[in-house]
Amino acid sequence: MNAVIDALEFRHACKKFDPKKKISDKKLGIILEAACLSPSSFGMEAWKFLILESKDIREQLRPACWDQAQITDASHVIVILARPSLVAPSNDYVKANFSRRELPEDATLAYIDRYKWYMETEVLPRMSTYAWCAKQCYIALANIMTAAASMGIDSCPMEGFVKDKVESILNIDKKECEVAVLVALGFRAGGQTPRQRHESKTLIEYR
Ligand SMILES: Cc1cc2nc3c(=O)[nH]c(=O)nc-3n(C[C@H](O)[C@H](O)[C@H](O)COP(=O)(O)O)c2cc1C
């Protein structure tokens, strides 16, 4: 009926992957394209996608991820990294990002001012820059899972990990990046557990 709903119906948080099945490079490329096409607040794209294929690395990582089998049994694990150090309003990266729009210089400067105001007034009193960047990373996470599901590829979003340990095992330079969330991708082994959802009428309100 609708390709997006079909994909969302197919998707579930896959707990048991078939370790023998691999995602093709072509399909992985499409999934990564969906990640990179994701929107981010002010277009900051303060993220990075680290693809873990190596079984060795994933064996090392698994204990830091609550020993969850998805880490080693999935075809691939994508570590979505937030890049809070990029988005300080004074950073040249911010100016370069707004300059991509090729607006007149005064309009670019006005954007930077608006962004500075927004970060200082609305974001930083409520959360860290890391948390703000991580929120954007979750948009990419959703697109990764939906793109995968549209091609019959299963996924499991994963917050069940010890952040410091994962960063240390993966040698992440925390001045550059911090782990936001992980997603395991591959093919289900066995069935899907029944989906639990609150009734939409309890969640949707019109005014
Ligand atoms: C951000 C996020 C983190 C999650 N972390 C884990 C995890 O570490 N391990 C796991 O098995 N499931 C994890 N889940 C899966 C949820 O438990 C699951 O999505 C929820 O129970 C709804 O089930 P469904 O996705 O199969 O519809 C996570 C889901 C989200 C959105």
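Because the structure is a prediction, the values reported are computed rather than measured. In what follows, every heavy atom counts, from backbone to side chain, and hydrogens, waters and symmetry copies are set aside. Remember, it's 1-based here, ligands and their atoms both numbered in the order they're listed.
- Here the shortest heavy-atom pairing between A64 and K165 reads CB-CB, 3.8 Å.
- For atom 5 (N) of ligand 1, the closest non-hydrogen atom on the protein side is E159 N, 2.9 Å.
- Interface of R195 with ligand 1, defined as ligand atoms under 4.0 Å from a residue heavy atom, comprises 27 (O).
- When only non-hydrogen protein atoms are considered, atom 4 (C) of ligand 1 lies nearest to P157 O, 3.2 Å.
- Given atom 22 (C) of ligand 1, the protein heavy atom at minimum distance is R197 NH1, 3.6 Å.
- Of the protein's heavy atoms, A13 N, 2.9 Å lies nearest to atom 26 (O) of ligand 1.
- In this structure, R114 fails the cation-pi test against F98, since its NZ or CZ atom is not both closer than 6.0 Å to the six-membered ring centre and inside 45 degrees of the ring normal.
- Here atom 7 (C) of ligand 1 lies nearest to Q68 when heavy atoms of Q68, H12, K15 are compared.
- Neither the backbone nor the side chain of Q192 comes within contact range of ligand 1; no heavy atom lies under 4.0 Å.
- When non-hydrogen atoms are compared, ligand 1 lies under 4.0 Å from the side chain of Y138 (C-beta onward) but not from its backbone.
- Here the side chain of S38 pairs a donor or acceptor atom with the backbone of A34 at under 3.5 angstrom.
- F42 and R101 make their closest contact through O-NH2, 3.5 Å (heavy atoms, listed as atom of the first residue, atom of the second, distance).
- Considering all non-hydrogen atoms of both residues, R62 and T72 come closest at NH1-OG1, 2.8 Å.
- Residue Q196 places no heavy atom under 4.0 Å from ligand 1.
- A pairwise comparison of heavy atoms in W47 and C137 identifies CB-SG, 3.9 Å as the closest pair.
- Within a 4.0 Å radius of atom 29 (C) of ligand 1, the protein contributes one or more non-hydrogen atoms.
- If you check which protein heavy atom lies closest to atom 25 (O) of ligand 1, you get R11 NH2, 2.9 Å.
- Only the side chain of C156 comes within 4.0 Å of ligand 1, judged by heavy-atom distances.
- The shortest heavy-atom contact between R58 and E53 is NH2-O, 3.1 Å.
- Between V87 and A46 the shortest heavy-atom distance is CG1-CB, 3.5 Å.
- Among all protein heavy atoms, the one lying closest to atom 8 (O) of ligand 1 is G160 N, 2.9 Å.
- No continuous path of ILVMFWY side-chain contacts below 4.5 Å connects L50 to I78, so the two sit in separate hydrophobic clusters.
- Contact annotation for M158 and ligand 1: heavy atoms of both the backbone and the side chain come within less than 4.0 Å of the ligand.
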